[in-house]
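Beneath this line is the structure, given in structure tokens, with notes to follow.
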Amino acid sequence: MVSPDRPLLRTLQGEAVWPPPIWLMRQAGRYLPEYKVTRATAGQFLDLCLSPDHAVEVTLQPLRRYAFDGSIMFSDILMVPHGLGQTVWFAEGEGPKLLPVRTDEALAALDLAGFHQRVGPVYDIVRRLRSQIPGTTTLIGFAGAPWTVATYMIEGGSSRSYETTKSLMWQNPDWFQRLIDLIVETTVAYLSAQVSAGADVLQLFDSWASALGGPAFDRWVIDPNRRIVKALKAQHPTVPVICFPRAAGVQYQRFADQVPCAGLSLDPTVPLDWARDTLGPKCLQGNLDPILLVAGGEALMTEVRRIGDAMRGHPFVFNLGHGILPNTPLDHVAALVAEVRSW
Ligand code: CP3
């Protein structure tokens with residue numbers, strides 16, 4: 001599966017490829033008019049994620065426009081709760097909703113045995129993408145990291161303060177550990193199956209890592225990421241894993257020391273010289289502010305060049321520091337890609 005002509009894969013294997021490979025988190029999505037057309041015909045968001053025809057089509061859309069070096073399968077981190085049998089839906093204009101898991105009974109009702117069958121279409125999507133994307137494009141599979149997924153499972157949707165999740169975590173750590181362990185085990189099986197279906201690289205999104213500090217960060221962010229990465233490395237030694245403990249600040253250092261991931265994705269607040277010197281041996285990815293890509297103009301270009309200057313000579317993947325925003329103008333994305341490719 002390792003092809004010498006995939007710049008993103010080579011970079012994650014430790015080579016300082018220049019110009020750096022580029023892809024954008026959430027590169028398939030609402031900033032693309034063609035996404036909105038497919039989205040409207042697919043029905044509910046979850047139907048889109050579970051329909052191979054539609055999900056493959058929206059994955060390919062950003063590649064046709066910008067020839068990104070990475071293609072991230074179209075799906076969502078809430079596929080894991082869905083696969084465990086939790087009720088998940090997307091309320092139009094409101095984001096994700098789930099029937100919350102907060103009790104022993106609700107935890108016991110989660111069903112790992114039926115997981116692969118419920119998410120079966122995802123593996124089909126990866127298989128089809130493998131045969132349809134260009135040979136030089138790296139296929140990225142992904143999942144949410146356990147802490148972030150647990151917040152959705154417990155809160156029943158997005159949250160500002162994670163109050164219910166954190167209360168449960170501190171009042172009943174044994175219960176919370178059982179939930180995290182189930183998500184760890186499920187995520188290893190899920191990502192491993194994505195590799196078997198053709199994924200070259202995996203990314204773990206810990207979008208809400210910054211909600212925890214001290215021993216709680218170690219136990220609920222670092223430890224689950226470490227266990228997942230170690231298990232995947234044992235099963236698929238050549239498949240690089242990128243971790244994204246978003247907005248973790250100085251805790252990125254402890255994370256990097258303890259999680260044997262090949263790559264670290266950086267949010268826009270991480271100073272690149274610090275990252276290069278401290279998180280160094282790992283391949284780094286990031287970290288353009290997605291709002292700069294909305295704003296465009298000289299401010300965008302100045303920042304893009306600053307990132308390039310800081311990372312030249314290091315294994316580096318150009319990306320955003322978080323997902324692309326729906327208001328992003330298409331010509332700003334084109335200008336970004338042209339600039340990076342001109343280096
Ligand atoms: O990167 C890609 O192109 C692949 C697709 C992808 C989606 N979600 C599609 C999506 C990926 C990698 C994700 C990850 C994801 N999903 C995360 C982690 C990354 C991050 O952004 O922090 C999280 C926290 C979720 C959960 C989620 N999914 C939320 C909170 C929402 C609603 C907010 C929103 O942006 O609408 C979603 C919905 C979602 N996932 C959309 C897309 C394209 C928009 C749905 C629509 O079309 O209406």
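All heavy atoms count here, side chains included; hydrogens, waters and symmetry mates do not. Counting starts at 1 for both ligands and their atoms, in listed order. Note that the structure is predicted; figures quoted are calculated from it, not measured. Index from 1, following the sequence.
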Self-check item: For S158, atoms of ligand 1 separated by under 4.0 Å from a heavy atom
Solution: 30 (C)

Practice problem: Pull out every atom of ligand 1 sitting under 4.0 Å from any heavy atom of Q27, numbered as shown with elements. | Solution: 1 (O), 2 (C), 3 (O)

Self-check item: Top protein contact for atom 30 (C) of ligand 1, by heavy-atom distance
Solution: Y152 OH, 3.4 Å

Quiz item: For ligand 1, which atoms sit closer than 4.0 Å to a heavy atom of M73?
Solution: 4 (C)

Quiz item: Same cluster or not: are I72 and L325 linked, directly or through other Ile, Leu, Val, Met, Phe, Trp or Tyr residues, by side-chain heavy atoms under 4.5 angstrom apart?
Solution: no

Exercise. May I ask whether H322 places a heavy atom under 4.0 Å from ligand 1?
Key: yes

Quiz item: Looking at W89 versus F45, is the centre-to-centre ring distance below 6.0 Å?
Solution: no

Self-check item: Side-chain donor-acceptor contact under 3.5 Å, S192 with Q235
Solution: yes

Quiz item: Of all the non-hydrogen atoms in the protein, which one sits nearest to atom 47 (O) of ligand 1, and at what distance?
Solution: Y35 OH, 2.5 Å

Quiz item: Considering only the protein, which heavy-atom contact is closest to atom 23 (C) of ligand 1, and what is its distance?
Solution: I77 CD1, 3.5 Å

Practice problem: Could you establish whether P96 and ligand 1 come within less than 4.0 Å of each other, counting only heavy atoms on the residue side? | Solution: yes

Exercise. Evaluate the side-chain proximity of Q251 to P245: yes if any heavy-atom separation is below 4.5 Å, no if none is.
Key: no

Exercise. Might you check, step by step, whether the distance between atom 45 (C) of ligand 1 and some protein heavy atom is under 4.0 Å?
Key: yes

Exercise. Could you tell me whether the side chains of Y123 and H116 share a donor-acceptor contact shorter than 3.5 Å?
Key: yes

Quiz item: What orientation do W18 and W343 show, parallel under 30°, tilted 30 to 60°, or perpendicular over 60°?
Solution: parallel

Quiz prompt | Any K36 heavy atom less than 4.0 Å from ligand 1 | solution = no

Practice problem: Quick one: look up the protein heavy atom nearest atom 28 (N) of ligand 1 and list residue, atom name and how far away it is. | Solution: D76 OD1, 2.7 Å

Practice problem: Could you tell me whether R246 approaches ligand 1 through its side chain, its backbone, both or neither, with non-hydrogen atoms closer than 4.0 Å? | Solution: neither

Quiz item: Evaluating non-hydrogen atoms only, which member of S75, A145, P326 is closest to atom 6 (C) of ligand 1?
Solution: S75

Quiz item: What's the shortest distance from atom 11 (C) of ligand 1 to any protein heavy atom, and which residue and atom give it?
Solution: F142 CZ, 3.6 Å

Quiz item: Regarding Q61 and T38, is there a side-chain donor-to-acceptor distance under 3.5 Å anywhere?
Solution: yes

Exercise. Measure the distance from atom 10 (C) of ligand 1 to every protein heavy atom, then report the residue, atom name and distance (to 0.1 Å) of the closest one.
Key: F45 CZ, 3.4 Å

Quiz item: Relative to each other, are the rings of Y162 and W208 parallel, tilted or perpendicular (30° and 60° limits)?
Solution: tilted

Quiz prompt | Side-chain touch L46/M79, heavy atoms, less than 4.5 angstrom | solution = yes

Exercise. Over all heavy atoms of both residues, which pair between Q177 and R227 is shortest? Give the atoms and the distance, please.
Key: NE2-NH1, 3.9 Å

Practice problem: Taking only heavy atoms of F90 into account, list the atoms of ligand 1 that are under 4.0 Å away from them. | Solution: 28 (N), 37 (C), 38 (C)

